[in-house]
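Start at 1 and go down the list; that is how both ligands and their atoms are numbered.
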Amino acid sequence: MKTAFITGAARGIGLAIAEEFFRKGWRIAMADILRDDLSAAAETLQKAGAEVLALPVDLSDLPAAEKAVAAAAGHFGGIDCLVNNAAGHDFLGIHEMTPASWHRVLQVNLTAPAFLSQFARPHLIASGQGCIINVTSIDAWFGKGIAPAYVAAKGGLLSLTYDLASALAPHGVRAVAVSPGAIDTELSRDYADASGGSLTEDLRNFTEDLIPLRRWGRPEEIARLVVWLAGPEAGYITGTEIVADGGLMHNNLSLKLKQRMNPGTFP
Ligand SMILES: NC(=O)c1ccc[n+]([C@@H]2O[C@H](COP(=O)([O-])OP(=O)(O)OC[C@H]3O[C@@H](n4cnc5c(N)ncnc54)[C@H](O)[C@@H]3O)[C@@H](O)[C@H]2O)c1
């Protein structure tokens, strides 16, 4: 049995990833700052028969993050896949962010994944089939003007993936970025709030209009991709980004062109 170390696993996409690893026969170490949600999620998985280790930790505290990795490796005898999924945000615009707010977002969304990769590195090398999956975002490619630190961190995480892939390939370890589009979770509901209004039917429909597949994504759809990427069928995939966004990223560009050519026709 292989072991996955998943950050931000108490809810949303991270929890769906933990559930999917379990379905595919992996052992799971779940790290999250939300202590109660984490223990409830771990308990449910355990009752279903999973081998789970719940690690309540603030990943922006790097010594605590290092201890969590060591605890998982000690408990399960190794780590075969690190999934850097946890993310935080503050939605402070360029006009209002402070050095402290910028640093907080970068610390969780970029610095923690970098150092978790360092801490997990010896275990991933020892695995012989190790991998790192970084959950980035299509926001790495275009911002919406409301969350510069989040967007910059996601761009950084994407670039970090390429560097990790080069550095670790000689040791047989792969690194891949997964970039979701609009996925229905707490985070996207907060994002919608910050974009101006709650996730009302109007805003939901507006977003759906921009998505060629005409619907929000589901956490399980990202989870299945991540777990497939961690497995042997994806053994030749490294140093790249897989986008799962229902076509949204490309449609944004085509929408802008359509707006330019037919002003007033599009929202
Ligand atoms: N939902 C979307 O539409 C969407 C789109 C693109 C990318 N993503 C990315 O997918 C990933 C998962 O997002 P989600 O939508 O499930 O969000 P979410 O807010 O539901 O889950 C994020 C998890 O990370 C945890 N976390 C945050 N800060 C932490 C810290 N300091 N230490 C430990 N854990 C911490 C949270 O407690 C939470 O459980 C994130 O990296 C996010 O940026 C999401």
Side-chain angles (χ1 to χ4, degrees), residues 5-20 29-42 54-69 82-91 103-113 115-116 132-144 147 149-158 160-161 177-195 199 203-204 207-208 210-211 215-223 225-226 241-246 248-249:
F5 185 104
I6 308 142
T7 72
R11 68 180 196 190
I13 294 170
L15 176 55
I17 292 171
E19 290 167 346
E20 182 65 12
M30 304 166 72
D32 206 291
I33 196 171
L34 295 176
R35 195 171 277 270
D36 292 346
D37 292 21
L38 181 67
S39 63
L55 298 155
V57 59
D58 177 353
L59 295 163
S60 62
D61 175 353
L62 295 181
E66 184 168 18
K67 275 192 199 139
V69 170
L82 165 67
V83 182
N84 283 311
N85 163 79
H89 50 74
D90 57 17
F91 304 113
H103 181 70
R104 261 197 309 277
V105 173
L106 269 284
Q107 184 75 5
V108 179
N109 295 8
L110 183 57
T111 308
F115 282 91
L116 282 164
I132 298 171
I133 314 285
N134 289 326
V135 180
T136 55
S137 170
I138 58 169
D139 283 359
W141 290 101
F142 60 92
K144 300 185 189 77
Y150 179 85
V151 168
K154 289 300 183 185
L157 187 57
L158 186 57
L160 175 68
T161 309
V178 167
S179 295
I183 311 299
D184 197 357
T185 66
E186 300 280 333
L187 182 129
S188 55
R189 277 172 222 134
D190 291 351
Y191 214 134
D193 286 345
S195 316
L199 189 56
L203 188 55
R204 179 174 281 278
T207 307
E208 276 170 9
L210 297 179
I211 302 171
R215 65 172 177 83
W216 284 63
R218 293 184 285 272
E220 316 82 75
E221 292 176 304
I222 304 303
L225 172 61
V226 167
E241 177 196 27
I242 315 278
V243 174
D245 70 345
L248 176 59
M249 192 157 88

Side-chain contact test, heavy atoms from C-beta onward, threshold under 4.5 Å: evaluate it for [X] versus [Y] and give yes or no.
X	Y	answer
Glu241	Leu158	yes
Leu62	Thr111	yes
Leu15	Met30	yes
Leu210	Leu248	yes

Say whether, by atom type as modelled, one donor and one acceptor occur between the side chain of [X] and the main chain of [Y] under 3.5 angstrom.
X	Y	value
Asp32	Ala9	yes
Thr7	Ala86	yes
Asn85	Val135	no

Please report which non-hydrogen protein atom sits nearest to [atom], along with the residue it belongs to and the distance in Å to one decimal place.
atom	value
atom 37 (O) of ligand 1	Asp32 OD1, 2.6 Å
atom 27 (C) of ligand 1	Ala87 O, 3.2 Å
atom 21 (O) of ligand 1	Arg11 NE, 3.8 Å
atom 17 (O) of ligand 1	Leu187 CB, 3.1 Å

Would [X] count as being in polar contact with ligand 1, using the rule that some N or O on each side must be under 3.5 angstrom apart?
X	result
Ile13	yes
Asn85	yes
Ile33	yes
Gly14	no
Ile183	yes

Open item on the list: Please give me the minimum heavy-atom distance between Gly12 and Pro219, naming the atom from each residue.
Closed with: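 The answer is O-CB, 4.0 Å.
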
Open item on the list: Using 0.5 Å steps for rounding, measure from the CD1 atom of Ile132 to the CG atom of Leu82.
Closed with: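 Answer rounded to 0.5 Å: 5.5 Å.
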
TODO: Quick one: pull up CD in Glu186 and CD1 in Ile13 and give me the separation to the nearest 0.5 Å.
DONE: 12.0 Å

TODO: Look at atom CZ of Arg35 and say whether more than 12 heavy atoms of other residues, nucleotides or ligands are closer to it than 6.0 Å.
DONE: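 Counting other residues, nucleotides and ligands, CZ of Arg35 stays at 12 neighbours or fewer.
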
Going by the order shown, which atoms of ligand 1 are within less than 4.0 Å of some heavy atom of [X]?
X	value
Asp58	30 (C), 31 (N), 32 (N)
Val135	9 (C), 10 (O), 11 (C), 41 (O)
Tyr150	7 (C), 8 (N), 42 (C), 43 (O)
Ala86	24 (O), 26 (N), 34 (N), 35 (C)
Val57	32 (N), 33 (C)
Gly181	2 (C), 3 (O), 4 (C), 5 (C), 6 (C)
Ala182	3 (O)

Any non-hydrogen atom of [X] lying under 4.0 Å from ligand 1?
X	value
Lys154	yes
Gly217	no
Asp184	no
Leu15	no

Task: Pair Leu157-Asn109, side chain to side chain contact (heavy atoms under 4.5 Å, CB included): steps then yes or no - done: CA-CA 8 Å; Leu157 187 57; Asn109 295 8; over 6 Å; no

TODO: Decide yes or no on side chain to side chain contact (heavy atoms under 4.5 Å, CB included) for Glu20 and Val226, but give the supporting numbers first.
DONE: CA-CA 9 Å; Glu20 182 65 12; Val226 167; over 6 Å; no

- [ ] Nearest heavy atom to atom 9 (C) of ligand 1 wins, so pick from Thr136, Leu59, Leu34.
- [x] Thr136

TODO: Could you name the option among Asp61, Val108, Thr185 that has the heavy atom nearest to atom 14 (P) of ligand 1?
DONE: Thr185

